[in-house]
Trainee: 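Got a structure here, written out as structure tokens. Questions coming.
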Protein chains: 2
Amino acid sequence: MRLVIARCSVDYIGRLRAHLPLATRLLMVKADGSVLIHSDGGSYKPLNWMSPPATLRVAEPETEDAESGVQEVWHVQHAKSDDRLVISIHEHLHEYSHDLGVDPGLVKDGVEADLQRLLAEQIDRLGPGHTLVRREYMTAIGPVDILARNADGGTVAVELKRRGDIDGVEQLTRYLELLNRDPLLAPVKGIFAAQQIKPQARVLATDRGIACLTLDYDEMRGVDDADSRLF
Amino acid sequence: MRLVIARCSVDYIGRLRAHLPLATRLLMVKADGSVLIHSDGGSYKPLNWMSPPATLRVAEPETEDAESGVQEVWHVQHAKSDDRLVISIHEHLHEYSHDLGVDPGLVKDGVEADLQRLLAEQIDRLGPGHTLVRREYMTAIGPVDILARNADGGTVAVELKRRGDIDGVEQLTRYLELLNRDPLLAPVKGIFAAQQIKPQARVLATDRGIACLTLDYDEMRGVDDADSRLF
DNA sequence: CCTTGCATGTCGCCC
DNA sequence: GGGCGACGTGCAAGG
């Protein structure tokens with residue numbers, strides 16, 4: 001990894017055009033050729049960047065640019081598209097390189113899979129008398145998060161989200177359309193379950209006869225912990 | 001901005017839990033307290049991070065950690081939530097600080113808003129005789145990008161995307177469904193306009209009686225520039 | 001301040 | 001390589 005602090009201006013031309021006026025920034029060149037341009041604020045997203053794989057070519061400035069103070073020009077070219085980044089360096093303030101090696105990578109714990117497991121274990125949160133058929137019920141267009149039966153023996157399809165928005169309702173609608181073509185399952189009711197459900201999603205779901213269920217993750221985990229304590 | 005190259009392990013606890021095993025990485029501490037942990041590959045997303053505003057507290061390692069080689073522990077605490085990052089530093093390999101100042105920020109050209117403005121100005125690209133009703137026409141389920149009338153006085157709803165995908169067609173379909181319930185507007189025709197339209201999206205749109213329109217942004221901007229030159 | 005929808009989204013999975 | 005779904009999504013604009 002190569003780190004450069006420089007006064008520079010930057011132009012990106014590719015999926016759109018973007019320009020950064022002259023200022024002091026951090027340029028990070030990674031081993032795979034990707035380049036990140038960071039300021040001293042904002043979140044983790046750089047001001048501008050080039051995704052890997054890319055190649056960096058350093059050139060002398062055009063006469064006009066040289067006269068306006070450009071010392072060197074970095075041409076960063078994406079290997080597979082015609083996206084490119086042009087970095088005009090006016091002043092080189094610091095330079096450092098270090099070989100970091102390959103990273104062992106991130107280990108995550110506690111994502112949506114947990115919510116799904118908890119709801120499957122506490123299936124009566126769908127309503128009294130519900131029984132679990134199975135999680136990740138496969139269909140031709142993808143897996144239904146949870147398939148269950150209600151007290152009357154009717155089939156219920158559950159789409160589970162951490163944050164419930166319109167896309168999730170569309171997703172569940174597609175599943176319901178498909179499942180309702182199966183005479184062994186039809187009629188299939190839909191339940192849209194999420195920790196938080198956006199108003200527009202709730203309107204759309206209700207309009208389509210899909211029930212909404214807000215889940216309290218902490219409460220569900222609490223029940224799970226209480227269950228675990230029995231062993 | 002403070003840059004540190006260090007052998008470290010990292011733990012994040014907040015909306016989920018995540019762990020990075022011991023390896024050599026770049027730690028970037030920004031002026032607003034945010035921290036980024038980068039490896040020498042991947043795209044612009046760090047392996048782990050803390051968003052601003054946050055505070056960094058450096059502590060001595062617990063006895064047990066010290067015995068396993070930890071020299072110092074960074075506690076990065078988010079100011080508004082209880083998200084936190086714990087960075088256990090085993091070896092400090094490089095350190096550099098530089099005040100970058102405030103960045104003037106990125107200037108973008110070619111995002112959806114630009115495309116929408118140009119299409120509204122050049123509304124006859126929808127076909128001869130079209131007139132603009134308004135941009136961002138509000139409905140209960142969200143704003144229709146452009147509402148227009150065609151030569152026959154019929155209403156036309158336009159969904160605009162930089163890249164036309166299936167979900168864009170779904171979005172327009174929802175708007176059309178809703179708009180067609182309004183007797184003052186019905187029947188409403190749909191036009192799916194994008195710089196690039198994916199084959200599957202085109203098929204779906206056509207199947208639903210929605211017209212597809214491919215937009216040439218450079219050409220549209222060229223017309224705009226030509227107009228501007230008149231003044 | 002909260003909600004909403006775009007993003008050069010990125011990332012990982014499966015086909 | 002494309003489609004699909006999740007993300008600690010981030011981010012800005014608008015009510």
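Since this is a predicted model, take the numbers as computed values, not measurements. By convention in this document, chain letters (A, B, ...) are assigned in the order of the sequence lines, proteins followed by strands, and residues within each chain are numbered from 1.
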Trainee: Nearest whole Å is fine: how far is C/dT10 P from B/Leu36 CG?
Mentor: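 The distance from CG of B/Leu36 to P of C/dT10 comes to 16 Å, rounded to the nearest Å.
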Trainee: So what does B/Gln171 touch, heavy atoms closer than 4.0 Å: a base, only the sugar-phosphate, or nothing?
Mentor: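 B/Gln171: backbone/sugar contact only, no base atoms under 4.0 Å.
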Trainee: Just checking B/Ile141: base, sugar-phosphate only, or nothing, at a heavy-atom cut-off of under 4.0 Å?
Mentor: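 Sugar-phosphate contact only.
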Trainee: A/Tyr44 or B/Gly142: which one's nearest nucleotide on DNA chain C is closer to the 5' end?
Mentor: B/Gly142
Trainee: Among D/dG5, D/dG8, C/dG5, which is the nearest nucleotide to the side chain of B/Leu16?
Mentor: D/dG8
Trainee: Rounded to whole angstrom units, what separation is found between the CG atom of A/Asp165 and the P atom of C/dC6?
Mentor: 11 Å
Trainee: Looking only at side-chain atoms of A/Arg15, point me to the closest of D/dG8, C/dC6, C/dG9.
Mentor: C/dG9
Trainee: In whole angstrom, what separates B/Leu106's CG from D/dG10's C1'?
Mentor: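 To the nearest whole Å, that distance equals 14 Å.
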Trainee: Tell me what A/Gly42 touches on the nucleic acid: a base, only sugar-phosphate, or nothing, going by heavy atoms under 4.0 Å.
Mentor: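 If one applies the 4.0 Å heavy-atom cut-off, A/Gly42 turns out to touch nothing in the nucleic acid.
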Trainee: Looking only at heavy atoms, which two atoms of B/Leu22 and B/Arg25 are closest? And how far apart?
Mentor: C-NH1, 4.4 Å
Trainee: So which one's nearest nucleotide on DNA chain D is more toward 5', B/Gln200 or A/Leu160?
Mentor: B/Gln200
Trainee: Choosing from C/dA7, C/dG9, D/dG8, which nucleotide comes nearest the side chain of B/Glu112?
Mentor: C/dA7
Trainee: OP1 or OP2 of D/dG8 less than 4.0 angstrom from a side-chain nitrogen or oxygen of A/Arg163, does that happen here?
Mentor: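 It does not, given that no N or O in the side chain of A/Arg163 lies less than 4.0 Å from OP1 or OP2 of D/dG8.
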Trainee: Nearest-Å distance, NZ (A/Lys80) to C1' (D/dG1)?
Mentor: 9 Å
Trainee: Counting side-chain heavy atoms from CB outward, which of C/dC11, D/dG8, C/dC6 is closest to B/Ser51?
Mentor: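 Among C/dC11, D/dG8, C/dC6, the one nearest the side chain of B/Ser51 is D/dG8.
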Trainee: Let me know, please, whether B/Met138 or A/Arg174 comes out on the 5' side of the other along DNA chain D by nearest nucleotide.
Mentor: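 Mapping each residue to its closest nucleotide by heavy atoms, the 5'-most match is A/Arg174.
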Trainee: For B/Ala120 and B/Ile146, work out which heavy atoms get closest and say how close.
Mentor: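 It is N-CD1, 4.0 Å.
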Trainee: Check for a donor-acceptor pair, side chain of B/His98 on one end and backbone N or O of B/Leu100 on the other, with a separation under 3.5 Å.
Mentor: no
Trainee: Is the shortest side-chain N to carboxylate O distance from B/Glu170 to B/Arg174 below 4.0 Å?
Mentor: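 No, this pair does not count.
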Trainee: Rounding to a whole Å, what distance do you find between B/Arg134:CZ and D/dG14:P?
Mentor: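 Those two atoms, CZ and P, are 12 Å apart.
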Trainee: Quick check on D/dG5: is either OP1 or OP2 less than 4.0 Å from any side-chain nitrogen or oxygen of A/Tyr175?
Mentor: yes
Trainee: State whether B/Asp218 and A/Arg17 are salt-bridged, where the test is any N-O pair (Lys NZ or Arg NE/NH1/NH2 against Asp/Glu carboxylate O) under 4.0 Å.
Mentor: yes
Trainee: Nearest whole angstrom, please: distance from the P of C/dT10 to the NE2 of A/His78.
Mentor: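 Those two atoms, NE2 and P, are 9 Å apart.
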Trainee: Which value, in whole Å, describes the distance between the C1' atoms of nucleotides D/dC7 and D/dC11?
Mentor: 15 Å
Trainee: Verify the contact: side-chain N or O of B/Lys198 to OP1 or OP2 of D/dG3, cut-off strictly under 4.0 Å; return yes or no.
Mentor: yes
Trainee: For atom P, what is the distance between D/dG8 and C/dG5, given to the nearest Å?
Mentor: 22 Å
Trainee: Using the salt bridge (Lys or Arg N to Asp or Glu O under 4.0 Å) rule, take B/Arg181 and A/Asp207 through it: C-alpha gap first, then chi angles, then the decisive distance, then the call.
Mentor: CA-CA 13 Å; B/Arg181 291 182 193 173; A/Asp207 184 67; 3.4 Å; yes
Trainee: If you check the B/Tyr12 side chain, which of C/dC6, D/dG8, C/dC11 turns out closest?
Mentor: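 Nearest nucleotide to the side chain: D/dG8.
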Trainee: Can you check the A/Leu172 CG to D/dG5 C1' distance for me, whole Å?
Mentor: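 Going from CG in A/Leu172 over to C1' in D/dG5 covers 15 Å.
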Trainee: Could you please name the option among D/dG10, D/dG5, C/dG9 that lies closest to any side-chain atom of B/Arg162?
Mentor: C/dG9
Trainee: Judged by each residue's nearest nucleotide on DNA chain C, which is more toward the 5′ side, B/Glu159 or B/Lys45?
Mentor: B/Glu159
Trainee: Do A/Asp83 and A/Arg15 sit within salt-bridge range, that is, some charged N less than 4.0 Å from a carboxylate O?
Mentor: yes
Trainee: Let me know the distance between NZ of A/Lys108 and P of C/dT10, rounded to the nearest Å.
Mentor: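 Atom-to-atom, A/Lys108 to C/dT10, this comes out as 15 Å.
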Trainee: Using centres under 5.5 Å plus planes under 30 degrees as the test, is B/Trp49 stacked with D/dG8?
Mentor: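 Yes, B/Trp49 stacks on the base of D/dG8, since the ring centres sit under 5.5 Å apart and the planes are within 30°.
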